[in-house]
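Structure first, commentary second.
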Amino acid sequence: MIMRLAASATLSLAATAFNPRAVASFAPGAGAVRIAHNGPQPTAFALSDARRRHGPIVQSILSPVTRRYAAADSDAEDETGDDPKPPAPENPYADPNYPDLEFVNYDDPEYSVDQGVGDDTDNIYDEEDRTLAEIEAMREDRRRRNDEFQFETYHANVLRGGERSLGEWTVFQTDTFMGDEVVGGRNPEAAGVPRLLKWDKVLKVVSRGSKIVTDPNAEWRVDGERIVHEEQLATMDDFPTLMMSEESDEEGADELKWETEDIGHVENTFWPNEMSSVDFRGPGGNMCVGKAYTICDAMPLKQDGDELHEGPFRDMRTELGVQENDMRFRVKLEYSMLDEENIATLDGRSPPPLHLRTLTVCRETLDGYWPNPSDNEKLSEEGNGEEDGNERESEVRRINQKDITTALFGPPGAPGGLYDPPPVGSEERAVDNYMLLDFEGGATLLLPHRLEQDGGGETGEEPFGWVTSLDWTPGRIRYQVDRKVLGGTKMKGLRTLELSEVQGEDADRWRPKDGGENMRQ
């Protein structure tokens, strides 16, 4: 088959589909196509009555909808009247050797092209829309089931169904918000890294969380439930053994003295006011995995929109923790804008970064007693015990007290450093934005002290994200949890929450040597 094409015409292959010896051609600008046959005429699309009345029939194949158009025939007469039809205009490209040439005149103003927009096609589109809607409904059902699983797991495992946790909070405050004079005192070689100033007082805090029912008639049960958190500084009522000591008879022994700064710090919330199951989706920044969890709350810079998970943010608070063997080790990170950046407008400028304001290390026990054994002791009836050369005995006889003391107050730093360092971007980005810290209890923390909200200066289609890693060994198993979030103004949203577990004594043997890679999804 030989074919000659022009940009102004569309060829119908109906006539050539059944005859390999057919020849089709048209000339540029002619507005007509002709198909000639070297053999018997195809009969698949021709009806005998139609041929007698209208001549050969041409079928359009531009769409699945079939329509037939009759070509003009100079020998055909209008059977509805006696007057013959006007002769068809002469085709200057007609081949006299093929008088029965079939063609379509695209210059005919009464000719219409089948574009597949008929009723049948509308039905096809409607069916596709219904299919896509059903698929999305299935995906939403899976998302809601995962929301429910996360919601219930967090309440049952992390909050332990509303049981209280007793902990010691060690607070570190950065010098970033203490004025230029203090910031100017940094080491010149690390001028961009904040100094951490430790508070003198260790806070004694009681933490708990519970469920409340907001809508008992909700179609999906968890839609009518919320999780509320409560963290308060301890009172004498939280030290029952001390209340039985002779010190309880002294004036003022019935209360603990806390400063306003202490109270304000504990009142900072690191979670939504009433946490719903939907808050456990990625954009909310809350998730559980194994023995680890993370929660987050943030305040957008512009509060005139309905999207609470989209930045830039004025401040952000995140928490990352691991619990095992009736112990929990968690860190709270509070980020804020500098005052001069907070009041500045954002007219055409990149959003200002967030800086680490405070870092709080929470060492907690979950068995109803305080982590430090001295908080569970009282004086003997005969005296304080020290005058007689006897050590002060504890009212609580913990079998695993030695393990708790080592895991929470032992030598600082994870053995050999962070078990599996995550990717943080270029070396320059790591130096300018990250810090690595060791804490008592064999813990190591990698965290960003500066969060760029415009992508951190990285080039590419998506801004490079941020990661916070906590490495802790509360027993035989060594845990590392990585909170990996998106970059730019979506930094509240979780990319992944990854947990690594390895036998503590075998950690060096199985330590990854890939240079830092994300887990495969």
Side-chain angles (χ1 to χ4, degrees), residues 153-172 198-199 201-210 227-235 237-242 256 258 262 265-271 288 290-295 317-334 358-377 394 396 398-410 412 414 437 439-445 468 470-475 477-479 481 483 499:
T153 301
Y154 180 75
H155 177 259
N157 295 351
V158 179
L159 302 179
R160 299 176 303 117
E163 295 292 329
R164 70 176 190 166
S165 303
L166 305 179
E168 290 192 359
W169 289 17
T170 305
V171 183
F172 298 87
K198 182 180 178 180
W199 285 14
K201 184 183 295 184
V202 175
L203 306 182
K204 309 284 186 178
V205 182
V206 180
S207 305
R208 61 170 59 89
S210 58
I227 291 177
V228 293
H229 298 75
E230 181 183 358
E231 292 181 339
Q232 294 181 340
L233 289 165
T235 65
D237 293 337
D238 299 310
F239 296 88
T241 54
L242 292 181
L256 296 176
W258 299 111
D262 304 334
H265 183 77
V266 173
E267 288 179 348
N268 280 338
T269 59
F270 288 71
W271 51 81
C288 305
K291 303 290 185 178
Y293 76 97
T294 184
I295 55 178
R317 296 171 296 279
T318 64
E319 181 177 313
L320 188 65
V322 177
Q323 63 184 44
E324 175 73 313
N325 297 335
D326 285 335
M327 295 176 286
R328 182 163 65 199
F329 194 103
R330 55 178 173 145
V331 291
K332 293 173 173 282
L333 306 176
E334 179 187 6
T358 62
L359 184 156
T360 305
V361 178
C362 308
R363 300 174 175 91
E364 298 171 314
T365 46
L366 314 178
D367 58 0
Y369 298 99
W370 292 94
N372 196 324
S374 62
D375 291 329
N376 302 309
E377 297 170 351
S394 173
V396 179
R398 278 182 175 143
I399 298 178
N400 61 338
Q401 181 61 61
K402 183 178 180 181
D403 296 333
I404 290 176
T405 302
T406 301
L408 296 179
F409 305 102
L437 304 172
F439 295 105
E440 292 180 351
T444 295
L445 178 68
T468 304
L470 173 62
D471 187 332
W472 182 51
T473 308
I477 303 299
R478 179 172 178 173
Y479 297 95
V481 56
R483 171 188 168 87
L499 178 64

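The residues of the chain are indexed from 1 along the displayed sequence.
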- Within-4.5 Å side-chain heavy-atom neighbours: Arg398 and Pro373: no
- Query: Please walk me through it: do Asp262 and Val171 pass side chain to side chain contact (heavy atoms under 4.5 Å, CB included)?
  - Reply: CA-CA 10 Å; Asp262 304 334; Val171 183; over 6 Å; no
- Query: Is there a donor-acceptor pair closer than 3.5 Å between any side-chain N or O of Thr358 and the backbone N or O of Phe172?
  - Reply: no
- Item | Least distance between heavy atoms, Ala292 atom then Val322 atom | CB-CG2, 4.1 Å
- Thr468 vs Leu333 side-chain heavy atoms within contact, under 4.5 Å: yes
- Query: Could you state the interatomic distance from OH (Tyr479) to CG (Asp471), rounded to the nearest 0.5 Å?
  - Reply: 12.0 Å
- Is the shortest side-chain N to carboxylate O distance from Lys204 to Asp238 below 4.0 Å? no
- Item | Minimal non-hydrogen separation, Cys288 against Thr153, with atom names | CB-CG2, 4.3 Å
- Task: Please report the shortest heavy-atom distance between Leu470 and Ala443, naming the atom on each side.
- Result: CD1-CB, 4.5 Å
- Query: How about Trp472 and Phe439: are their ring centroids closer than 6.0 Å?
  - Reply: no
- Item | Nearest atoms (heavy-atom pairs only) where Ala234 meets Leu256 | O-CD1, 3.4 Å
- For the atom pair CD1 (Ile399) and CG (Asp367), what is the distance rounded to the nearest 0.5 Å? 11.0 Å
- Item | Nearest heavy atoms of Leu166 and Gly368, plus distance in Å | CD1-O, 3.3 Å
- Message: Is it true that Arg330 and Ser165 share a donor-acceptor pair across their side chains at a distance under 3.5 Å?
- Response: no
- Query: Is there side-chain contact between Val361 and Phe329, with heavy atoms separated by less than 4.5 Å?
  - Reply: yes
- Message: Checking Trp169 against Val266 for the side chain to side chain contact (heavy atoms under 4.5 Å, CB included) test, could you report, in this order, the C-alpha distance in whole Å, the side-chain angles of both residues, the deciding distance, and whether it holds?
- Response: CA-CA 9 Å; Trp169 289 17; Val266 173; 4.1 Å; yes
- Item | Lys291: salt bridge (Lys or Arg N to Asp or Glu O under 4.0 Å) partners, not counting sequence neighbours | Glu324
- Message: Is any side-chain heavy atom of Tyr369 closer than 4.5 Å to one of Gln401?
- Response: no
- Item | Thr170 side chain near Trp199 side chain, heavy-atom distance below 4.5 Å | no
- Item | Distance (rounded to the nearest 0.5 Å) between Glu364 CD and Ile404 CD1 | 12.5 Å
- Query: Can you list the steps and then say if Tyr293 with Leu499 is a side chain to side chain contact (heavy atoms under 4.5 Å, CB included)?
  - Reply: CA-CA 9 Å; Tyr293 76 97; Leu499 178 64; over 6 Å; no
- Do you know the tightest heavy-atom contact between Gly167 and Pro371? CA-CG, 4.1 Å
- Without hydrogens or angle criteria, can the side chains of Arg483 and Thr318 be said to hold a donor-acceptor pair below 3.5 Å? no
- Distance col, row Asn325:CG vs Ile477:CD1, nearest 0.5 angstrom, shows 9.5 Å
- Residue pair His229 / Phe270, side-chain heavy-atom distance below 4.5 Å: no
- Task: Tell me, please, which residues at least two apart from Arg208 pass side-chain hydrogen bond (donor to acceptor under 3.5 Å, both in side chains).
- Result: none
- Item | Validation row: Arg328, Val158 side chains within 4.5 angstrom (heavy atoms) | yes
- Side-chain ion pair, Glu334 and Arg317, N-O less than 4.0 Å: no
- Query: Roughly how far, to the nearest 0.5 Å, is the CD1 atom of Ile295 from the NZ atom of Lys332?
  - Reply: 6.0 Å
- Query: Is there side-chain contact between Leu203 and Thr360, with heavy atoms separated by less than 4.5 Å?
  - Reply: no
- Task: Enter the distance from Arg164:CZ to Gln232:CD here, rounded to the nearest 0.5 Å.
- Result: 11.5 Å
